[in-house]
Protein chains: 2
Amino acid sequence: MPENARATHLDAVRERNLASVLGAVAHHQPVTRARLAELTGLTKTTVTGQVAVLERLRLVVGADPVRVGGRGRPGAPVSLAPGPVAGLGLEVNGQYLAACVLDMTGAVRARATVAGDNRGRRPDATVAALADLAGRIAAEAAASGLDIVGTAVALPGVLVEDRVNAPNLGWDAVPAADLLTAALPVQPFGVTVDNEANFGALGELWYGAGQGAGSYLYLSGETGVGAGIVVGGKLFRGAHGAAGELGHVVVDPDGRPCRCGGAGCLEQVAGLDALLRTAGIPDASGTAAAGLAELERRLAEGDPAALQAAAAAGAGLAIALTGAVNLLDPDTVVLGGIHARLAPWLVPTVEAAVARSGSRLRGRTPAVRAASLGTESAVRGAAGTAIARIFADPGALA
Amino acid sequence: MPENARATHLDAVRERNLASVLGAVAHHQPVTRARLAELTGLTKTTVTGQVAVLERLRLVVGADPVRVGGRGRPGAPVSLAPGPVAGLGLEVNGQYLAACVLDMTGAVRARATVAGDNRGRRPDATVAALADLAGRIAAEAAASGLDIVGTAVALPGVLVEDRVNAPNLGWDAVPAADLLTAALPVQPFGVTVDNEANFGALGELWYGAGQGAGSYLYLSGETGVGAGIVVGGKLFRGAHGAAGELGHVVVDPDGRPCRCGGAGCLEQVAGLDALLRTAGIPDASGTAAAGLAELERRLAEGDPAALQAAAAAGAGLAIALTGAVNLLDPDTVVLGGIHARLAPWLVPTVEAAVARSGSRLRGRTPAVRAASLGTESAVRGAAGTAIARIFADPGALA
DNA sequence: CATATTAGTCCAGTATCTAGACTTATTCAT
DNA sequence: ATGAATAAGTCTAGATACTGGACTAATATG
């Protein structure tokens, strides 16, 4: 039996149309009310009313009347307001905490990072440190006239029923959303928690290398390897929110056993630890960043072990991504995290494999690119998500 | 910049609520208006009005007042009408054409199959034969008081921008939807064309082994191997509708070259041709069904070559499905087509592999089952899709 | 047989959108 | 300069769909 649609009431129409007008402003700013009416299919009357609401919510402001030289009365254009409404993105990582404030226009208005080893630290201690960082950056934002209305937090782990498993942090079934909601100030849009790969995918989609792609796959490589899947501009989360575990796709049936219980997983050839091991770089624990830098140096020099490590990673990625492309049919594949840094050694292999496989079926070959936001993909995506929630339901600010 | 919602008008509210009421009837029939008001969150007044519309459209009918023994005035329940509104499903396959008529309740009201080799036949000839079959079954349905309002057609190929590539039929960029729309009578809901694996997935979801699964993966094995992906009760089509090409996931990097351009694809170990080859069964062309029967016989006898073929297919499926499960996070995996018939020899291997990999991350292990509709999965899914379009927009019948 | 209880209908009221007339602001031609 | 043409934005009336509560209908209970 097909599923059924949820009932809608009249006020829902208003809310939807408010979101629709705000979205049209975002995509076409600066834009007049008359043009908004064309864009949304609503009448001028309705648009005027909705714009008035959005102005009252301080989400849009009147812009300078940019005349191009038409005939009649010139329109009074509106644009997204560069404040005071803002969203906060936070990120917890093995090596650092990061924060980033975005205003409605998507501009970065504040950012901060706190280095420190979060692996093995107690979850509540990490959450307290994050709340402290959030408090400081919120104060900084307030000083420049911004008001944070929602927060999103990127974690390096899998969400299972509102609990987070993050092996690289030593977190096991931690109710992260609850802890964070309790630790952070109350906000109209509350706190959203998700996987670092998912937010990274959105970050690159909105502000980085994924712009313009309707559907794409973002590969997030650190110690572990994960993927964020975007379809039609939205995250694909799977049935229980655990989609995108690309790191545990089997790329070598006879390969090394993996901490996931399987063997020959992608993570065992393309994760940071695996790369350093194969390249013969000592695992000076806690200095992952240093290890990566050393690997890059040796690759640039042409060190054979390093090149072999990159080749193995490239081959593994090629197999895993070929499979993912056949299964998901994306526009674009973006390599993020360590794989963005190693892109020169990986992209050609991956691109060739993806182009070869299935090309005779699909006709079209997805582009393969390196991420362009570096280590910021996930925080930016998180902050963007906080903003996106405002776009989805601006009326909730009232 | 986040995407924007489309504007809604008042009449859209009416349409949505009409669909909502119809859906509630479907899921809870027989059901009174008062209960429908509770279920949908609409008022009794509104529900009464909507039910009146649905009765006028002949989608629901009054049912016998089933009293359980409450106090007050007994309700006058309504149920889905077992006619005259009906949907038609069609399927084109290498070896046969099939058709199936479903009424609103999901009951099969007519079915027919025409055997014949469609491989290499000209697309327009195949379409003409299909239209002929559709005409005959529509006449049969009309004789029992049914009126077909929409048709869906399952094809063994990939859709690329409204054109179908179906290597097993010899179809290359055939504008199937246009040909079929022209060949079939005009209907309110028109003609929907999709992949056989996608419709098979929906067929098993609604009427077969996938019932109750929110998200699942349906494996459709014939000469080729494809997958239908259902997420949250809806098909996942990917960016360009070509998602689910599981047959071309790499399961053996050193394996045989494949017609897709790659090498070591799943299809090369788990497709029907590959299975027969490995089992040493001569490829008596055109008798695929006979080949499969022979393979089953030899497996039952314990023939070593046949067992080896099944083991290789099982191992390949295990790798491909493990990857798919990690990427998509479904509830359930359903093996369809030839793999349903071979399930006894495949399910244990696949189930063990899927349970092993990623279990430490996700906690939950998807169930692995054989399809239960046999060769009918795809036609049933197609017919169900025709019906589903009525459920999605009942007002379009007016 | 009266009362309680629940189903379904009727009717007035509210919120939202639409349509078209009207006002305002600007350009272009005379 | 001045008036016609043009386009933006506002105002008013009207249509539509839902809500809420009063009302009628049908049945069980005591």
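Both backbone and side-chain heavy atoms feed into the values below; hydrogens, waters and symmetry mates do not. Lettering follows sequence order; numbering is per chain, from 1.
- Comparing D/dA17, D/dG9, C/dT26 against the side chain of B/Arg14 picks out D/dA17 as the nearest.
- Listed by chain and number, the residues in a ring-ring contact (aromatic ring centres under 6.0 Å, His included) with A/Tyr216 amount to none (sequence neighbours excluded).
- Summarising the geometry, the separation between CZ on A/Arg71 and C1' on D/dA4 is reported as 10 Å, rounded to the nearest angstrom.
- Side-chain atoms of A/Arg73 and base atoms of C/dT24 include a donor and an acceptor less than 3.5 Å apart.
- In this entry the distance linking CZ of A/Arg16 with C1' of C/dA15 reads 18 Å, nearest Å.
- The side chain of B/Asn17 places no N or O atom within less than 4.0 Å of a non-bridging phosphate oxygen (OP1 or OP2) of D/dA17.
- Taking the side chain to side chain donor-acceptor pair (under 3.5 Å) definition, one finds that B/Thr46 meets it with B/Thr43, sequence neighbours left out.
- Under the side chain to side chain contact (heavy atoms under 4.5 Å, CB included) criterion, B/Thr48 pairs with B/Arg33, not counting sequence neighbours.
- Note: CD (B/Glu38) to P (C/dT6) measures 11 Å, nearest angstrom.
- When the P atom of D/dT16 is taken as reference, atom CG of B/Leu42 falls 20 Å away, rounded to whole Å.
- Side chain of A/Asn198 to main chain of A/Ala201: no donor-acceptor pair is present (N/O by atom type, distance under 3.5 Å, no hydrogens or angles).
- Non-hydrogen atoms lying under 4.0 Å from DNA chain C are contributed by B/Lys44, B/Thr45, B/Thr48, all within residues 43-51 of chain B.
- Nucleotide C/dT16 holds its P atom 17 Å from the CG atom of B/Asp11, rounded to whole Å.
- Residue pairs meeting the side-chain hydrogen bond (donor to acceptor under 3.5 Å, both in side chains) criterion with at least one member in residues 388-398 of chain B, sequence neighbours excluded, are B/Thr192-B/Arg389.
- Residue pairs meeting the side-chain hydrogen bond (donor to acceptor under 3.5 Å, both in side chains) criterion with at least one member in residues 50-63 of chain A, sequence neighbours excluded: A/Arg14-A/Gln50.
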